[in-house]
Structure formats: structure tokens, C-alpha cells
Protein chains: 2
Amino acid sequence: MKLTTKGRYAVTAMMDLALHQSEHEYVSLKSIANHQEISVAYLEQIFSKLKAGGLVNGIRGPNGGYRLSRSAETISIFEIIDAVDEPIDITRCHGKKDCQDGEVCLTHGLWTDLSNQISSFLDQLKLGDIVQSERVRKVAARQSMRCTETQQTQHVSFT
Amino acid sequence: MKLTTKGRYAVTAMMDLALHQSEHEYVSLKSIANHQEISVAYLEQIFSKLKAGGLVNGIRGPNGGYRLSRSAETISIFEIIDAVDEPIDITRCHGKKDCQDGEVCLTHGLWTDLSNQISSFLDQLKLGDIVQSERVRKVAARQSMRCTETQQTQHVSFT
DNA sequence: GTTATTTCCGACTATTTTACTTGGTTATTA
DNA sequence: TAATAACCAAGTAAAATAGTCGGAAATAAC
């Protein structure tokens, strides 16, 4: 798996859903866009993948929007990132194990170990855990108050 | 930190050094290039960073090349990757903690936790550990026998 | 039934990053 | 003096990323 801004946006947006879907039946992308300073168009792209991954349900029209398809406690961060970022394998030989003369490459095991390490960490972490945390609740409360402000361009460097 | 093919090449090249510096006083980039199917020019770029990071010593001229500056047991995989790949911070706000109205962003803690998780895993892993492994030794032995073969282009997808 | 809202969808584009190559210079040994 | 090999700066092609744009279809409110 890969970690890009798209993946981070996805996690942030899913947290926004988890935090606000008690207030409104469905949460619109517009409101998420306001909270998180991501364009609606880009959120659409992200949510089409989240929907394809079965993580959210969407309905159209006025008062429409999205909901989590399951409880936040059962959705892992891994699932979210995995749904939006292209899967990649960290190994040089694409997991084929025959990158060099039909044998595994020198560092094959190292990269698969690392990959597993990251995946398992993110899979243990549930959306619900993060939403629970006190700090997140505070930030969310603050964000609710300031929904329309000048957009800052975020120059993000993690690809 | 970032994980790119350059970082993987660096680790692989460092392993090659560790495996062969007992045979020759200094190991040339040419020989590494033959073993690992990386161009000498690209290896030069990588080694200039490894040298700047204090991980290797190089000397010029015939029979010249590189050596590990310390024992393989004391060099971590983290150090190697950190030396060649641009450092990046995984958080949206560049670690400033004031990405939104002077407070931390919604998922700030999540990304720093993940970043720390990855770094600590890679820092515990020493070059020596990997060289020790039986499998690696076997692959290295095989590679020693086939130093001049047609170059395969490796289409790597982990950025 | 018309209008506003919102998801849905495909294609397009600018920028950045990656993964190299090229063309030299300098040091060292034989 | 010739060969070898590190050293260095800059350039480049391809890929990936981070979006935008223009519409179409569904639904609710009026």
C-alpha cells in the first residue's frame, strides 16, 4: 500500500463523517469540504473509491450526502487508505519472488516485513479509536465553528 | 522519511558492500553495479549521499571504491534510507502543529504515530542482521557467479 | 413540473517527483 | 602517461500526484 495526500484526505474525510453523521442523516461533501479545506470535486473522486470499497453509502439530491456503511469501530485506517490509494508492492520484484534468475532478490524479505508491519499497524487502528480521542473531539468542535474561510493551499510533500 | 527505489537500491548496495568488503579492501561501484543491476552512474549519486551521511568511506583510483565506515551491526536500515531519500514529514502541516488556526489538525497524531512506528522498526533493523540471514547469504553467493548479464529494466512502483 | 441540490462519472491538465543519463574533473595507481 | 575509479553538476524522460472541468442523473422542495 501507498501513503499519499489522497489517503490522508480520505481518512480525514471519514473522520468528519463519523463525527457529523449523528447531526445530519447524511453528510454532504460540501460540508466536509468546508471543514477540511478540500475541494468538493476532489472529495467526489475520493468518495467514489470509498463507495466502491463499500465503506460509505451515498444518496443524491437535497439533504443527500454520505454515511459510514458500518460503525466507525469496525472500519480500520488500513481499509480507508487501501480503498483510495493504488495498492503497490514494496518489493522490487512485484512479489513474484523470481526477480533474479528465478530466485528472490537480496532484500525481498526486508521489504515484505516492512510492508506487513505498516499494514498491521494501520489495520489495528480503527476509525472509532481515533474519533474517541479527546484531542480529536476538541479540534472537531473548533472546526465546526469556522466553516467558511479563505482557502489555504496545502503544499504536501508525502507522496 | 520516504521510501523510494533509491532507498531500496541504497540498502541493497550497502548489503553488497557488507558482503564483499572482506574480499577486497575497497569495493568498486562497478562491481556492485554488476551484482545488483544498477547503473554505475546512479550508484554514484546514491553513494555521494551515503558518504555525506557518514555511512561509507570512498577512495579514488585503481583498486579504489567504498567501505562501510562502521561495522554492519551498527548501521541501521533507517540511517541508510534517511541518507538517500529526502526527509519528509507525514503530517499535513509539516510538523508545525498549527496547520489550522494555531492548533493541530484532525489527524496529526495519527500520522506522527505511524511515522514513528515505521522509523523505529527500520532503526532497530541493522544491516548486519540482514546480512546474517541464511537466505541472503545464499542469494549473494548466486549473485557472485553471474556478474555480467543482460540488464533487465525494473519497473518499480513504490514511490 | 420546474428548480435547486447533490451525487455520480469520465476525461483532462499542470505540477512535481522519480529515476535515471550525460559530460565532464580530479585523484591514484601501475 | 595511461588507465581506473571516485567525484560533481546539470539535464531529461517518464510516471505519478493532485487536482480541475464539464456535464448527467437522481431526488427533494416549492
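In what follows, chains are A, B, ... by sequence order, proteins preceding strands, each numbered from 1.
Here the C1' atom of nucleotide dC20(C) and the CG atom of Leu43(B) are 12 Å apart, to the nearest Å. We find that CG of Asn34(B) is positioned 14 Å from C1' of dA5(D), with the value rounded to whole Å. Straight-line distance from the CD1 atom of Ile32(B) to the P atom of dA5(D): 12 Å, rounded to whole Å. Computed from coordinates, the Leu29(A) CG to dC8(C) P distance equals 8 Å when rounded to whole Å. Atom pair Arg8(A):CZ and dT17(D):P shows a separation of 13 Å (rounding to whole Å applied). Taking atom OH on Tyr66(A) and atom C1' on dA26(D), their separation rounds to 12 Å, with Å as the unit. In this structure, CZ of Phe47(A) is placed 15 Å from P of dC9(C), rounded to the nearest angstrom. For Lys30(B) and dA6(D), the NZ to P distance is 10 Å, given to the nearest whole Å.
Annotation: side chain to side chain contact (heavy atoms under 4.5 Å, CB included) contacts of Thr74(A) (sequence neighbours excluded): Arg70(A), Ser71(A).
Side-chain proximity of Thr4(A) to dA18(D), dC8(C), dG19(D): nearest is dA18(D). The Gln45(A) side chain lies nearest to dA11(C) when the options are dA11(C), dT6(C), dT21(C). Here the nucleotide nearest the side chain of Asn63(A), chosen from dT21(C), dA28(D), dA6(D), is dA28(D). Distances from the side chain of Tyr42(A) to the nucleotides dT7(C), dT20(D), dC7(D) place dT20(D) closest. Of all nucleotides listed (dT6(C), dC20(C), dA6(D)), dC20(C) comes nearest to the side chain of Tyr9(B). With dA4(C), dA5(D), dC7(D) as the choices, the nucleotide that has an atom nearest any side-chain atom of Pro62(A) turns out to be dA4(C).
Taking the nucleotide of DNA chain D with the nearest heavy atom to each of Gly61(A) and Gly65(B), the more 5' of the two is matched to Gly65(B).
Heavy-atom minimum distance, Phe78(B) versus Ser119(B): CE1-OG, 3.6 Å. Closest non-hydrogen pair, Met14(B) versus Leu55(B), comes out as CE-CB, 3.9 Å.
Distance OG/Ser28(A) to CG/Leu17(A): 10.0 Å, rounded to 0.5 Å. Taken to the nearest 0.5 Å, the CZ atom of Arg8(A) stands 9.5 Å off from the CG atom of Asp85(A).
Between the side chains of Asn57(A) and Ser69(A), no donor N or O sits under 3.5 Å from an acceptor N or O.
Put simply, the side chain of Gln124(B) reaches to within 4.5 Å of the side chain of Ser120(B), judged on heavy atoms.
Below 30°, between 30° and 60°, or above 60°: for Phe47(A) and Tyr66(A) the angle between ring planes is between 30° and 60°, a tilted geometry.
For the contact set between residues 49-60 of chain A and DNA chain C, defined by any heavy atom under 4.0 Å, the members are Lys51(A), Gly58(A), Ile59(A), Arg60(A).
Side chain Glu44(A) to base dC9(C): a donor-acceptor pair is found below 3.5 Å.
Counting any heavy atom pair closer than 4.0 Å across all strands shown, Ser48(B) reaches no nucleic acid atom.
Residue Ser39(B) places at least one side-chain N or O closer than 4.0 Å to OP1 or OP2 of dT21(C).
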